[in-house]
Amino acid sequence: MIPPEGQPTPLSRSALNGETPAVAALARRLSAAHARHAGHEEQSALSFQKGFAQSPASLHKRNEAQSIPGDSVNSPTFDAFAQAAPEASSTGYPSPARVFIEGARLNREDAEILYREASLFLLGALAHQARLSLHPQNIVTYVADRNINYSNICVCACRFCAFFRPPGHPEGYVLTRPELDRKIRETIALGGTQILMQGGHHPDLPLSFYEDMIAWIRDTHPGIHIHAFSPPEIVFFAEKEGLPEEEVIARLIRSGLHSIPGGGAEVLVDRVRRLVSPNKCSAPRWLGVMEKAHAQGLRTTATMMFGHEEKDEERLDHLFAVRETQDKSGGFTAFIPWTFQPANTGLNRPPETAQGYLRMLALSRLVLDNVSSVQASWVTMGPHIAQLALYFGANDFGSLMIEENVVAAAGVSFRLSREEIHSIISRAGFVPRQRTMNYRLVDQAPPRPAAG
Amino acid sequence: MFDSAHYQRLGLGRVHERVMAGLRLSPEDGEALFACPDILAVGALAHHVRTRMHGAKTYFVRNRHINYSNICVNRCRFCAFRRDAGQEDAFSLTKEAVLQRALDDNGHPFAEIHVVGGCDPSLHLGWFEDLFRSLRELRPHAVLKAFTVAEIAHFARMEDCSVKDVLIRLKEAGVAMLTGGGAEIFNPAVRRRLCPEKITGSEYLAIAGKAHALGLASNCSMLFGHIEAHRDRVEHLCALRQQQDASGGFVCFIPLAFQWQNNDLARELKREGQPGGKEESGRDGNMDFSVQGSSPSPLSAPADSGLDRLRTIAVARLLLDNIPHIKAYWVMLGVKTAQAALLFGADDLDGTIMEEHIGHMAGAEAAQAMTRTELEAMIQNCGLTPVNRDALFRTVPVTREKVKEELEKLSSGAIS
């Protein structure tokens with residue numbers, strides 16, 4: 001994308017000068033599809049409202065109802081999955097196919113044209129339009145959770161990672177039960193609804209260690225939602241134990257696992273993975289774990305960490321791979337693109353710009369028409385760009401992140417309080433609402449932190 | 001999508017029409033731009049104008065900021081930099097120390113030397129004249145940009161002479177340009193609360209006009225995001241535009257976002273519970289992993305002000321049709337917000353800035369320096385074209401590296 005000297009690139013050209021014919025045609029097609037959808041929505045608003053009174057039957061309904069202080073099982077959900085199909089599907093969550101907006105699906109060539117040629121403002125406006133189709137309410141959600149890294153001991157040695165320590169390193173740790181307990185208590189006291197547990201690939205811990213840990217959390221803190229173990233960890237457990245991945249997932253579910261985070265996806269292209277994370281599972285295995293988890297009724301997220309060794313077309317490969325899996329198994333609740341943070345890592349390159357991030361975010365919203373939510377990443381881009389991201393396709397502000405160690409290790413140390421997140425969302429013109437991992441809204445008034 | 005129908009739906013039909021036709025916007029248009037909920041629509045207009053004026057060019061400068069003294073007779077309430085004489089951390093640089101800073105350039109000469117400080121009653125105009133003559137001798141190719149108009153007024157009072165005499169003496173000593181600071185917000189009621197001792201808004205404009213008449217260029221600025229209303233911002237911008245029509249010497253407009261640490265106004269606003277007013281905390285970068293909740297945030301920039309900052313920069317670009325450049329001052333905005341600002345009307349990132357105190361003492365978070373290579377790469381990664389400039393926005397034609405490169409090519413026979 002090297003432009004002639006002094007000429008704007010698509011990253012920088014004026015949207016008021018018009019777009020290329022191919023981009024203009026795509027923009028017309030998308031706008032027409034979303035306008036039709038809006039008309040259809042209005043007509044069927046009444047029938048949808050009936051659906052609001054019911055919650056989607058979920059495997060974890062019992063846990064959810066317990067986990068959210070003041071939350072009612074009957075509280076309205078706004079999630080497009082839930083709206084479109086209040087009745088449970090056979091896999092335990094509503095069918096995602098209904099999110100699809102007729103006429104708005106982009107094929108690979110469409111996506112390439114938009115990525116290469118569209119002005120950034122047009123991409124943003126198209127993505128925002130798609131976001132409003134899926135989430136017509138003027139709401140931006142966030143989750144209050146704590147990132148608990150149960151261990152930093154890892155044999156992967158990914159080049160982008162500043163967090164891990166090799167086995168035997170004096171700074172290596174595994175959290176003890178009292179430490180875990182304290183962290184979870186604090187999370188609940190702060191109105192948190194879930195813990196996100198990820199760690200390294202620890203060479204010595206058996207699967208039973210993780211089963212025991214999860215079961216202990218479930219029994220000690222039955223209200224907390226356990227969002228844990230990214231696919232590379234599941235694959236690592238399976239290989240270590242010589243078990244099929246399905247079995248590992250089933251055993252973790254029996255121990256109390258509620259959902260799987262979308263980490264470790266990096267860029268889902270094996271050429272890139274070999275360069276940046278050679279010891280982590282392949283792209284097909286990552287997607288396979290998610291498919292198997294979805295088949296067992298777990299919902300998961302999907303992430304993309306970009307801005308390192310990948311080429312532009314490999315970013316698109318990633319989006320289409322996630323979309324294809326979602327078409328098959330449908331359990332992704334959200335897509336979370338975020339940028340590689342180079343400090344203290346083995347990869348030396350300048351950090352992705354705000355322009356590059358917003359472009360990728362908008363394109364994600366447009367390509368992933370079957371994934372309900374797209375998250376802004378304030379942790380990597382800072383609160384200002386995350387606020388702008390709410391106009392580039394993001395409908396969710398991610399997490400309050402009561403604790404975040406991994407990105408902080410790479411030199412980025414933005415932190416936000418609940419009040420700040422509310423204020424960021426409000427001043428962007430949206431209503432902030434806390435949600436659960438399954439995108440159900442939590443009672444409006446955030447609980448006060450417990451005294452002491 | 002960004003066509004006239006779109007803007008008509010947003011109530012910006014007239015603004016869109018006038019922007020496309022290159023016509024001047026009214027104060028009401030400015031207020032309509034602040035009121036429009038669609039930030040992309042506002043940004044796209046500003047970016048259109050920026051592209052029409054500068055294409056993809058994005059300016060930066062290899063510069064050195066020298067804050068010669070923090071002793072100041074004014075007590076501006078937003079300032080974290082000033083000290084009284086005799087206070088523990090008050091400082092005033094010697095002539096040698098100033099010269100040393102200007103010379104300390106790692107072999108890559110500065111294109112701009114930026115000198116500002118407090119209104120220090122112990123430093124007389126003659127001291128600066130002598131200092132600047134030495135500076136000019138040692139660094140003849142650096143454009144000397146010195147003093148806000150507030151300092152100019154201070155010298156006139158101290159020397160008991162006219163502003164014009166001060167300006168003439170400084171010009172003769174080698175000053176080419178005044179800095180843009182000291183404008184704050186012109187609205188008198190706001191200004192009384194911000195900086196009661198400082199020159200008034202009309203004095204600011206009058207002094208800038210006198211400088212322009214003598215052939216001295218200047219920048220101009222606005223300090224926003226504290227107690228002022230959108231209307232105050234619009235009126236401030238229109239006052240600058242009117243002055244520019246009359247005297248024409250403003251080169252670059254600098255929107256300065258109010259910083260929220262270590263100053264009286266911030267403390268006062270935090271007590272009053274203003275949006276963005278947060279408890280204070282250190283910014284030493286040490287993460288506290290204990291409980292967060294409503295605990296203090298290390299962000300000095302109110303976390304919720306991103307869109308407001310970008311919008312203000314965009315409105316400035318759209319209203320200031322007669323001022324060539326708009327600065328995204330990365331030191332104060334932060335790097336990523338400054339990048340976005342380059343698509344919301346700004347065309348300049350300021351500089352490599354070897355040392356900066358005034359913003360950082362009020363909590364500005366960005367690193368104090370970026371190398372020229374880092375700045376150039378960053379601009380290119382934003383899809384823009386870096387232009388190395390001097391203080392007057394003249395392209396710096398041949399850098400020392402470039403000369404070296406050419407010589408090497410010559411000696412290797414690559415150029416016949």
Side-chain angles (χ1 to χ4, degrees), chain A residues 1 3 5-17 27 31 119-122 124-126 128 186 189-191 350 352-358 378 381-388 391-392 400-403 405 408 413-421 423-424 426-429 449, chain B residues 1-3 6 16 19-20 37-41 43-45 47-48 50-52 55-57 275-276 278 285 287-299 301-310 333-340 342-343 374 377-378 380-385 387:
Chain A
M1 271 213 313
E5 189 75 6
Q7 292 303 303
T9 70
L11 271 182
S12 64
R13 62 189 199 78
S14 168
L16 272 61
N17 285 336
S31 295
S119 73
L120 184 62
F121 282 104
L122 179 77
L126 291 174
H128 192 55
E186 286 168 355
L190 291 166
E352 186 71 35
T353 60
Q355 277 84 342
Y357 167 72
L358 294 168
W378 62 264
M381 296 309 292
H384 292 172
I385 301 304
Q387 192 180 34
L388 185 55
Y391 284 86
F392 281 82
L400 179 58
M401 290 267 182
I402 292 166
E403 177 176 8
N405 290 322
S413 57
F414 297 114
R415 279 180 68 207
L416 295 177
S417 66
R418 186 191 292 273
E419 291 75 9
E420 283 172 314
I421 286 182
S423 182
I424 289 165
S426 305
R427 285 191 76 189
Chain B
M1 208 159 197
F2 291 91
D3 54 11
H6 181 64
H16 174 258
V19 165
M20 294 311 277
D38 186 340
I39 186 76
L40 294 192
L45 282 171
H47 186 58
H48 184 72
R50 178 253 202 254
T51 308
R52 191 164 61 201
K57 283 184 191 167
K278 292 281 179 282
M287 296 276 296
D288 169 19
F289 283 131
S290 60
V291 181
Q292 186 179 17
S294 57
S295 65
S297 154
L299 291 164
D304 59 7
S305 65
L307 296 190
D308 185 54
R309 290 178 178 197
L310 292 172
L333 283 174
V335 173
K336 292 205 158 71
T337 311
Q339 292 168 352
L342 296 177
L343 282 194
E374 281 169 341
M378 186 187 101
Q380 269 159 353
N381 290 335
C382 290
L384 297 158
T385 310
V387 178

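Computation of the quantities below employed the complete heavy-atom set of this structure, encompassing side-chain atoms and omitting hydrogens, waters and symmetry-equivalent molecules. Each chain gets a letter, A, B and so on, in the order its sequence line appears, and its residues count up from 1.
- Per-residue counts of heavy-atom pairs under 4.5 Å with chain B were compared for A/Ala386, A/Gly356, A/Ser14; the largest is that of A/Ser14.
- Of the possible polar contacts, one joining the A/Gln355 side chain to the B/Gln339 backbone as a donor-acceptor pair under 3.5 Å is found.
- Relative ring orientation between B/His47 and A/Phe121 is described as tilted, the plane-to-plane angle lying within the 30° to 60° band.
- Neither the backbone nor the side chain of B/His6 comes within less than 4.5 Å of any heavy atom in chain A.
- Looking at B/Leu45, the atoms closer than 4.5 Å to chain A (heavy atoms on both sides) sit in the backbone and in the side chain alike.
- Heavy atoms closer than 4.5 Å to chain B are found nowhere in A/Tyr357, neither backbone nor side chain.
- At least one donor-acceptor pair under 3.5 Å links the side chain of A/Ser12 to the backbone N or O of B/Gly383.
- Residue B/Ile39 holds its CD1 atom at 7.5 Å from OH of A/Tyr391, rounded to the nearest 0.5 Å.
- Counting heavy-atom pairs closer than 4.5 Å to chain B, the top residue among A/Ala125, A/Ser31, A/Gly429 is A/Ala125.
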Criterion side-chain contact (heavy atoms from CB on, under 4.5 Å) on A/Arg427 and B/Leu307, from CA distance to verdict: CA-CA 8 Å; A/Arg427 285 191 76 189; B/Leu307 296 190; over 6 Å; no
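- When every heavy atom of B/Ala303 is checked against every heavy atom of A/Pro383, the shortest pair comes out as O-CB, 3.5 Å.
- Of all the listed residues (A/Leu388, A/Ile385, A/Thr353, A/Asn17), the one sharing the greatest number of non-hydrogen pairs under 4.5 Å with chain B is A/Thr353.
- The heavy-atom pair separating B/Pro302 from A/His384 by the smallest distance is O-NE2, 3.2 Å.
- Atom CE in A/Met381 sits 5.0 Å away from atom NZ in B/Lys336 (nearest 0.5 Å).
- Interatomic distance, CG of B/Asp304 versus CD1 of A/Ile421, reported as 12.0 Å (0.5 Å rounding).
- Proximity to chain B (any heavy atom under 4.5 Å) is shown, for A/Leu358, by neither the backbone nor the side chain.
- Using a 4.5 Å cut-off between heavy atoms, B/Thr337 touches chain A through backbone and side chain atoms alike.
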